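None of the values given here were measured: they were computed from a predicted structure.
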Amino acid sequence: MIVGQEKPVTELLDMIKPYKRVLVLGCGTCTTVSLAGGQKEAEFMSALIKLNAAKTGQDVTATTETVKRQCEWEFLDDIADLIEQADAVLSFACGVGIQAIAERYPDKVVLPGVNTKFMGMPIETGVFQVRCAGCGNCILDKRGGICPIARCSKSLLNGPCGGAEDGKCEVNPEIDCAWYLIYNRLKAIGRLDDMKQFFEPKDWSYGRDGGARKLRKEGIAL
C-alpha cells in the first residue's frame, strides 16, 4: 500500500490561487486507505476552498470527484469532461496518480494535494509501518521475508550492526531491530545459513529516484 500524507491546508490554498475552476480529485485506493486522499478528504478540501473564497473574495469554484484509481487512464477517462472543464486538478493521489493525469491530459495543470511517503502495511486504522522502499533489487528470499532496507534504521544489507539491545533498535528503542527479526525468522524456517550470504553495497541508481534512469539504460520502455 502506497502511503500518503495530506499537504498542509495553507500550502494547498496558496497552490490554487491562480486558478478559478479547481477539480479536487480523490483516489479511491491507496490514499483512501491511508486517510489522506479519499472522497472524504476531497470533499473537506473543497469545503475549505469555498470557505476561504468567501472570506477573501477570491473568485474560485471547487468541484469534487473521486475515481477508483488515478494511476490508470481508464478511470481518468470516465471523468474526462470534469477534467477538461477545470483550470487545475488538485490531485489527492500518490505521485504516480498525479503523473498519470498530467500525461493523459497534457494541457492541464495538475497539483499535488498529497505527499507520497512510502509503501507500508496497515497496523491499525490510519497507522502504517514502512515495509518496502522500492529499491529495485529484492532480496526478501534471503532475509526471511523481512526487508533490511526498509525496516533496518541503517538500511544494512549485511547485519546486524551490533547496537541492538533486547531486540530493539539502538536508533529508536521503540521499534524492533530488523536483524533481530530476520535472525529469528530464518531460524524458524530452517534457513539460518542465509545470514552468511554477503551482499555488495547497493547500486542505488536502480531504485528510488534513479530507478527510471537505470531501466531506460537497460532498454526497458517506460
Got more than 12 heavy atoms from elsewhere within 6.0 Å of CD, Glu74? yes
Please lay out, stage by stage, how Arg104 and Asp77 fare under the test salt bridge (Lys or Arg N to Asp or Glu O under 4.0 Å). CA-CA 9 Å; Arg104 190 61 164 170; Asp77 289 346; 2.8 Å; yes
Side-chain donor-acceptor pairs of residues 110-125 under 3.5 Å, sequence neighbours excluded:
from   : atom 1 : to    : atom 2 : distance (Å)
Asn115 : OD1    : Lys7  : NZ     : 2.7
Thr116 : OG1    : Gly95 : N      : 2.8

Residue set satisfying salt bridge (charged side-chain N to carboxylate O under 4.0 Å, His left out) with Arg131, at least two apart, ordered chain then number -> none
Apply salt bridge (charged side-chain N to carboxylate O under 4.0 Å, His left out) to Lys196 and list each qualifying residue two or more places apart in sequence or on a separate chain. Asp193
Evaluate whether atom CZ of Phe199 has more than 12 neighbouring non-hydrogen atoms of other residues, nucleotides or ligands under 6.0 angstrom away. yes
Between Lys168 and Glu165 (salt bridge meaning N to carboxylate O under 4.0 Å), is one present in this structure? no
Between Asp87 and Lys20 (salt bridge meaning N to carboxylate O under 4.0 Å), is one present in this structure? no
Who are the salt bridge (charged side-chain N to carboxylate O under 4.0 Å, His left out) partners of Glu43, not counting sequence neighbours? none
Near Asp141 CG, under 6.0 Å, is it more than 12 heavy atoms from other residues, nucleotides or ligands? yes
Do any side-chain atoms of residues 178-188 form donor-acceptor pairs under 3.5 angstrom with protein atoms, and if so which ones, sequence neighbours left out?
from   : atom 1 : to     : atom 2 : distance (Å)
Trp179 : NE1    : Leu156 : O      : 3.3
Asn184 : ND2    : Tyr180 : O      : 3.3
Arg185 : NE     : Gly144 : O      : 3.3

Hey, which of Leu82, Leu90, Ile79 is the one that makes side-chain contact (heavy atoms from CB on, under 4.5 Å) with Leu25? Ile79
Sequence-distant partners of Ser46, side chain to side chain donor-acceptor pair (under 3.5 Å), two or more places apart: Thr64
Regarding Lys154 and Glu170, does a basic nitrogen lie under 4.0 Å from an acidic carboxylate oxygen? yes
